[in-house]
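To start, the structure under review is shown below, and the notes come after it.
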2 protein chains.
Amino acid sequence: MNDKPKGESPKSATGATMADVAALARVSRAVVSRAFSVDPRPISPEKRERVLKAAAQLGYQPNLLAQSLTTKRTNLVAVVVNHIHDLSDLDLFDCLLNAMQSLGKQVLFIRVNSVDRVEQFLRNGVAHHVDAALVWSDFADAATVRQMFRSDFAVMLNGRPDPLSPAVVPDSTIGIRAAVRDATEKGVRTAALVTGRESSPVEQARIQIYLHALSEHGVTLVQTVRAGDYTYQSGYQAGASFLSDKVPDAVFCTSDASAMGVLDACRAHFPESRPTRFRLYGYDNLSLTDFAAYPISSVGYDQEEFVEHIARFVAEPNSFTPGDPPVSVPTRFISRLTG
Amino acid sequence: MNDKPKGESPKSATGATMADVAALARVSRAVVSRAFSVDPRPISPEKRERVLKAAAQLGYQPNLLAQSLTTKRTNLVAVVVNHIHDLSDLDLFDCLLNAMQSLGKQVLFIRVNSVDRVEQFLRNGVAHHVDAALVWSDFADAATVRQMFRSDFAVMLNGRPDPLSPAVVPDSTIGIRAAVRDATEKGVRTAALVTGRESSPVEQARIQIYLHALSEHGVTLVQTVRAGDYTYQSGYQAGASFLSDKVPDAVFCTSDASAMGVLDACRAHFPESRPTRFRLYGYDNLSLTDFAAYPISSVGYDQEEFVEHIARFVAEPNSFTPGDPPVSVPTRFISRLTG
DNA sequence: CTGTTAGCGCTTTCAA
DNA sequence: TTGAAAGCGCTAACAG
């Protein structure tokens, strides 16, 4: 109890500052700094004790913004997305948020649904000072991201790898091949492919893998339907293609959302719980495919595992060496009623 | 083109600073500050021109962290949630993110799925310095939030209003009454209520409104099923209650997710596309209820409108005066196949 | 309109 | 081990 701190009085509006604590504990500000430092710094136990006590008394909180001015580290991580409409995002982001927070990072969500927004963020915001940027949005390549955020550390998750940045990508090959194999084992000989937004590199790659897997297993691709984007609605429209007499043995969709649309479009005409005229395969393994109404066979990866890789890169940036190949997370085939 | 800036050379690692620009443009740092200020400050057009040009040349970006050290404003807004599992979140957060960014704010997502996490955030992070906290999580009251974030500006969206903080709440009454009225008009006399996590004040209030609306319309509540939380799975389990011969005329669920579960549970036994033995009403008006498989009559509010109110509070904190009542956003009833 | 001068709250040499 | 002092990058009076 120091009844007369000699520094200026704590301004409750702003919160107590280091100077207030230093005055109360009768030490220098430097000592306060050391007392709060995470890595060991020279300080006598008694003084540390005094400081901590004084801090508690004043309700002192180190100002991390001020801190970051000198340390150049903000404990902020940016998550850059096109939007968060996609159902698949929900499952992932909760997991991600949790992981980042466990690392002591706080997550800045940045939505860039068009390229012209990029400019806006260059002007605006604290975003420049994040420790790392986790990039889902495919609006930009790694180079752009690295300059957009002053951070030199971007983790690419948008299928646009870059030798200078770490990347994590699901390895669709395994899962898709398993799906196609499953189909052939059930007698599928012809197939249709329902694709999403083809400007996305991820989608491009996925399509190639399907094409390859199909030909590899001797399945003839008789039809390709561009469904516009990964939405239910686009899938529903695409579904109209499969109502005629002449339908392929199987329909592969590059997203579960589209597959759900296809399924419902068929149900609108033939009220079975699954399309009996063809087998249906989705992609993403949305938690929704566990709902009874959408028992869609799908391809997915372990999101915890995916996020773990990201977290590792964030926690130990040095675990990445320029030139390292993208980390790949295996996918697997999940069989459900439609497949 | 100044071929010899007289200040220190720009350190490309950190990025150019105000001093670099000032040197290049041959003005004082204060002038640079003014040139970049949003609100009008005295500066001659020529000098502003020179500064902007120099800045462009150097790729200078004002450091908003440093800025906030003096201005006490960070342009950061915290969104505090329990988690982002709920399907209803998806629709809302994208909208919110967009709105905040339009205001030039960046959004910090903070996930506090348990009360003990609060402590962690008190120690950690930049969160203390946000300009505003938008609170969905019901883990804490306004007072706690106000001290958790040093910000004195919290917007309560969790149904825990506080005289000192603005709040926005959906006015469930309108929509729920409309739903019940719709039911009675269709001959409903008895009803069951499927409830969610009752520790949530929002849920508590919602239940009361249902009870009131039911009795008001002369509908007898014959059964209440606690479905645990707002999930499909809990709804599915609850659905078992409605498979016997003796079922109520209508089942009201306090969330669409539960209603979807109830619907599928019934379908598992009676393969109609809607439960023919009772009418089914949900709540939230999830975009999923527009999917053909879940044509659930529901109660919802206009999310754009909801978010607009929030945005207004953030943009003009003074539009709130302590003691003001919560802003309420009307809900409406959306009739679909099941209702 | 402009430049000078203090800070904002904290970290980090560098002597003591 | 400690404290003084010099910044980090920027804003905000205050004279001129």
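All chains are named by letter (A, B, ...) in the order of the sequence lines, taking the proteins before the strands, and each is independently numbered beginning at 1. Heavy atoms only: backbone and side chains are in, while hydrogens, waters and symmetry mates are out.
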Residues B/Lys105, B/Asp131: salt bridge by 4.0 Å N-O rule: yes
Ring-ring centroid check A/Phe109 B/Phe93, cutoff 6.0 Å: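 No - the distance between ring centres of A/Phe109 and B/Phe93 does not fall below the 6.0 Å cut-off.
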Sugar-phosphate, base or nothing in reach of B/Ser44, heavy atoms under 4.0 Å: sugar-phosphate
Out of [options], whichever nucleotide has its closest atom nearest the side chain of [X]:
X: B/Lys72; options: C/dC8, D/dC14, C/dT11; result: C/dC8
X: A/Ser33; options: C/dT12, D/dG9, C/dG3; result: C/dT12
X: B/Ile43; options: D/dG3, C/dT2, C/dT12; result: C/dT2
X: A/Thr71; options: C/dT12, C/dT2, C/dC10; result: C/dT12
X: A/Gln67; options: D/dT2, C/dC10, D/dC10; result: C/dC10
X: B/Met18; options: C/dT12, C/dC10, D/dC10; result: D/dC10

Residue-phosphate contact under 4.0 Å: A/Arg41 side-chain N/O, C/dT12 OP1/OP2: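 Yes, within the criterion.
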Can you measure [X] atom [atom1] to [N] atom [atom2] for me and round it to whole angstrom units?
X: B/Arg34; N: D/dA13; atom1: CZ; atom2: P; value: 12 Å
X: A/Leu64; N: C/dT11; atom1: CG; atom2: P; value: 8 Å
X: A/Phe36; N: C/dG9; atom1: CZ; atom2: P; value: 15 Å
X: B/Arg26; N: C/dT2; atom1: CZ; atom2: C1'; value: 15 Å
X: A/Leu65; N: C/dT11; atom1: CG; atom2: P; value: 12 Å
X: A/Asp20; N: C/dC8; atom1: CG; atom2: C1'; value: 13 Å
X: B/Arg29; N: C/dC1; atom1: CZ; atom2: C1'; value: 18 Å
X: B/Lys47; N: C/dT2; atom1: NZ; atom2: C1'; value: 6 Å

Passing candidate, side chain to side chain contact (heavy atoms under 4.5 Å, CB included) with B/Pro326, options B/Val169, B/Val168, B/Leu157: B/Val169
Residue whose nearest DNA chain D nucleotide is more 5′ - B/Thr70 or A/Pro42: A/Pro42
Contact nearer the 5' end of DNA chain C, comparing B/Arg48 with B/Ala66: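 Residue closer to the 5' terminus by nearest nucleotide: B/Arg48.
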5'-most by nearest nucleotide on DNA chain C - B/Pro45 or B/Leu69: B/Pro45
Results of salt bridge (Lys or Arg N to Asp or Glu O under 4.0 Å) for A/Asp162 - residues two or more places apart only: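 Per chain and number, A/Asp162 pairs via salt bridge (Lys or Arg N to Asp or Glu O under 4.0 Å) with A/Arg146.
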Atom CD of B/Glu305 with >12 non-hydrogen neighbours under 6.0 angstrom: yes
